[in-house]
Amino acid sequence: MSKIPKDILGEPRNFIEEELEKDVQAGKVPKPIHTRFPPEPNGYLHIGHAKAICLNFGIAQKYGGKTNLRFDDTNPATEDTEFVDAIKFDIKWLGFDWEDREYYASDYFKQLYEFALKLIDKGLAYVDDSSPDEIANQKGTPTEPGVNSPYRERSILENRDLFIGMKEGKYNDGSRVLRAKVDMSSPNMHMRDPVIYRIKRETHHRTGDDWCIYPMYDFAHGQSDSIEEITHSLCSLEFRHHRPLYNWLIEELEIYPSRQIEFARMNVAYMITSKRKLLRLIQDGKVTAWDDPRMSTISGMRRRGYPPTALRTFCDKVGIAKRENLIDIALLEACVKEELNKTSDRLMVVLDPIKLTIANYPEHQTEELMVVNNPEDESPTERLVMFSQTLFIERADFMIDPPKKFFRLGPGRAVRLKGAYIIECIVYKLDENGEIAEVICNYFDNSKSGSDTSGVKAKGTLHWVSQDHAVDVEVRQYDRLFTDPTPDGYEDKDFLEFYNENSLEVITEAKAEQAIKTCEVGTGIQFMRKGYFVKDIDSTNEHLVFNRTVTLRDSWKKLQARK
RNA sequence: UGACCCAUGGUGUAAUGGCAACACAAAGGUUUUUGGUACCUUCGUUCUAGGUUCGAGUCCUAGUGGGUCAACCA
């Protein structure tokens with residue numbers, strides 16, 4: 001008998017957990033809680049799947065149960081092992097483990113076939129020779145009842161022969177289907193004699209050409225749940241109308257009574273989760289692939305640099321309910337920043353460089369400075385950064401005629417160079433276009449970081465990179481993929497109309513300190529004062545590529561935007 | 001002109017008939033060798049109208065608004 005663990009008693013519960021606990025307390029769950037994650041291997045997993053994964057695995061963990069991975073592979077026309085492998089990789093990366101419970105609906109084809117025969121024998125299923133159009137017409141509309149098929153009253157014997165014939169390949173694709181005999185006048189369209197088996201000569205990614213008939217979702221999903229003795233089958237709200245059929249089939253087949261509970265799927269502003277539309281972005285060349293860092297896919301977010309823990313925190317904070325929702329993408333980014341702030345080493349990288357020369361610093365002198373990697377660490381480590389007379393600083397960190405609240409460099413202004421000295425600007429040079437070509441400063445030699453005796457006050461601190469020691473890197477700055485929070489929410493507009501043409505800005509020659517060479521793919525780092533970045537898989541030893549994961553909060557930029 | 005589901009700050013989720021709470025966002029402030037982080041402050045007629053009750057965000061009724069349902073897809 002399943003029990004509710006004592007240590008979770010004080011924790012808040014969502015409505016699914018409440019239902020589940022009621023079942024347990026009513027003695028309806030004679031074994032540990034068992035859930036499943038049932039993806040169809042016809043595309044890559046996205047942020048919405050991440051929520052379903054966290055929910056299913058999370059709830060089982062919380063109540064001391066287990067979760068199966070089950071591929072819902074009943075439509076061979078669209079499914080492929082490529083997707084199976086990608087899905088498994090993504091779930092593991094997210095941090096969940098199905099152990100040895102990797103199942104496939106296709107493993108149950110024989111059993112499902114026998115279930116169908118049982119239904120026929122009970123007089124609860126019949127072979128229908130009607131065309132798809134005819135069947136659609138028989139079903140009526142949501143406001144008008146359906147009418148019975150002319151084939152509805154075939155004898156059990158005839159239905160058996162016909163269905164066995166279907167399985168043996170005697171009939172053409174689409175010529176006949178097996179239908180459950182339920183109620184053509186039900187107000188629920190799904191109860192109006194749903195098709196449960198169709199003839200389809202397609203090579204299946206696992207069963208090859210063994211079968212030419214395949215079960216429909218309604219005759220595969222619930223039955224698979226039952227075969228695996230899934231106690232609670234959690235799915236999204238649009239399956240609400242399938243539940244009476246789900247229960248009807250379990251009852252008539254006299255199999256394990258799994259319980260379906262529906263929750264609202266998550267919508268995130270500026271993201272889409274339709275596999276078809278995600279695929280179109282790829283086909284139209286708007287993104288490079290399923291794992292393009294702008295994609296809402298798990299693989300895309302991984303490549304973007306979102307840590308798996310952040311994704312899990314996000315799914316947790318979003319919660320579970322039944323109402324329509326549109327999550328602010330800022331919540332996702334807040335989770336990413338919270339995690340990365342704790343774990344990322346800081347590095348200095350100048351994205352839009354201008355030259356800065358320290359006039360009173362010895363011309364060929366270099367210094368090895370020690371700079372803290374991550375100030376959030378309890379016992380922070382340090383790295384070596386090279387300092388010299390000629391540096392790069394950020395173009396935006398200098399203004400010819402700065403306003404009072406600008407805490408960076410300008411003629412006569414002093415700033416600290418992070419981990420180094422305080423400098424004061426004496427003069428600047430312009431190029432032929434009137435752009436800043438070079439900033440010339442003096443430094444205070446007694447202001448060295450950690451042993452500053454200068455007494456000079458500097459309001460701002462800048463990041464910098466020594467010109468002679470700089471490493472050129474390519475930086476890909478990503479922004480949201482769409483210009484509208486609900487790009488696919490308009491009936492009269494195609495979602496691609498909202499494609500953000502500025503969703504990718506490439507900087508080919510950013511200037512980075514030496515330590516950038518030690519960065520690894522998958523490990524987030526902070527480019528100090530700029531944002532969190534991660535090394536991209538396109539990198540080679542000679543050519544480093546970094547993806548911007550998310551920017552830092554920028555209260556200066558915000559202040560300017562308001563003016 | 002049907003059935004079913006839903007309705008709490010800008011957003012998302014709590015409050016299980018008894019002081020509307022937490023997070024994100026926004027705004028203001030303190031600290032800071034990242035204009036980051038951290039910390040503090042501010043931001044609600046619980047969709048409407050009736051009813052039950054000593055007491056309703058919560059229960060009941062009606063309305064309003066939103067969502068879902070008519071693939072040989074899942």
Side-chain angles (χ1 to χ4, degrees), chain A residues 12-14 18 38-40 42 72-75 77-79 105 128 130-132 135-146 173-179 186-190 192 194-200 213-214 216-218 220-221 235 237-244 262 264 266 269 275 314 316-335 337-338 341-342 346 348 371-372 375-376 405-408 415-420 422 447 449-450 452 458-463 526-531 551-559:
Chain A
R13 286 158 292 166
N14 61 51
E18 284 175 11
E40 184 188 11
N42 69 345
D72 222 337
D73 55 350
T74 57
N75 183 8
T78 58
E79 295 154 5
D128 196 328
S130 306
S131 71
I135 290 179
N137 286 333
Q138 289 160 18
K139 286 201 178 177
T141 71
T143 55
E144 295 163 303
D173 285 20
S175 63
R176 287 189 162 95
V177 292
L178 184 70
R179 286 227 254 170
S186 168
N188 182 344
M189 299 291 293
H190 295 276
R192 324 242 262 230
V195 173
I196 57 175
Y197 258 98
R198 78 280 212 187
I199 305 170
K200 198 169 196 147
I213 57 169
Y214 291 95
M216 300 287 293
Y217 168 83
D218 284 309
H221 194 99
C235 63
L237 241 33
E238 64 262 36
F239 292 97
R240 172 62 186 89
H241 301 285
H242 293 250
R243 194 166 79 208
E262 311 88 15
M266 173 176 69
K275 280 188 210 168
F314 172 67
D316 194 46
K317 285 187 175 178
V318 160
I320 305 291
K322 292 179 82 165
R323 80 183 87 136
E324 285 295 308
N325 59 75
L326 183 64
I327 315 292
D328 191 341
I329 197 162
L331 179 61
L332 211 204
E333 293 179 344
C335 294
K337 289 180 201 179
E338 185 187 28
N341 176 53
K342 279 187 292 192
R346 275 63 169 166
M348 293 196 284
V371 180
V372 164
E376 302 293 319
K405 289 202 163 180
F406 186 79
F407 303 147
R408 308 176 188 178
V415 294
R416 168 162 304 276
L417 295 174
K418 176 70 189 178
I422 291 173
S447 67
S449 188
D452 183 358
K459 187 96 174 148
T461 301
L462 307 188
H463 62 285
Q526 186 192 111
F527 287 4
M528 192 165 283
R529 302 207 303 138
K530 285 282 133 192
T551 57
L552 251 29
R553 173 199 232 114
D554 189 343
S555 43
W556 167 243
K557 195 176 169 185
K558 214 178 268 180
L559 192 74

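First the proteins, then the strands, lettered A, B, ... as listed; each starts at 1.
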Dot-bracket for RNA chain B, please, read 5' to 3', with Watson-Crick or G-U wobble pairs under 3.5 Å on both distances, ( ) within the strand, [ ] crossing, | other strand, . unpaired. .((((((..((((....[..)))).(((((.......)))))....(((((..]....))))))))))).....
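- With sequence neighbours excluded, the residues satisfying side-chain hydrogen bond (donor to acceptor under 3.5 Å, both in side chains) with A/Asp452 are A/Arg416, A/Ser454.
- A/Arg346 is linked by a salt bridge (charged side-chain N to carboxylate O under 4.0 Å, His left out) to nothing, counting only residues two or more places apart in sequence or in another chain.
- For A/Thr141, the side-chain hydrogen bond (donor to acceptor under 3.5 Å, both in side chains) criterion is met by A/Thr143, A/Glu144, not counting sequence neighbours.
- Legend: residues meeting ring-ring contact (aromatic ring centres under 6.0 Å, His included) with A/Phe527, ordered by chain and number and at least two apart, are A/Phe533, A/Phe546.
- Take A/His190 and apply the ring-ring contact (aromatic ring centres under 6.0 Å, His included) test, not counting sequence neighbours, and it matches A/His242.
- In this view, A/Arg13 and A/Glu21 satisfy the salt bridge (charged side-chain N to carboxylate O under 4.0 Å, His left out) rule, not counting sequence neighbours.
- Under the salt bridge (charged side-chain N to carboxylate O under 4.0 Å, His left out) criterion, A/Arg198 pairs with no residue, sequence neighbours left out.
- Not counting sequence neighbours, the partners of A/His221 by the ring-ring contact (aromatic ring centres under 6.0 Å, His included) test are A/Tyr217.
- The salt bridge (charged side-chain N to carboxylate O under 4.0 Å, His left out) check on A/Arg240 picks up nothing, with sequence neighbours excluded.
- Following rounding to the nearest Å, A/Ile196 (CD1) and B/A71 (P) show an atom-to-atom distance of 17 Å.
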All N/O pairs under 3.5 Å across the protein-nucleotides 40-44 of chain B interface:
none

Summarise protein proximity over nucleotides 20-28 of chain B in one line of letters, 5' to 3': B for base, S for sugar-phosphate only, - for none, counting protein heavy atoms closer than 4.0 Å. ---SSSSSS
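- We find that NZ of A/Lys459 is positioned 11 Å from C1' of B/U31, with the value rounded to whole Å.
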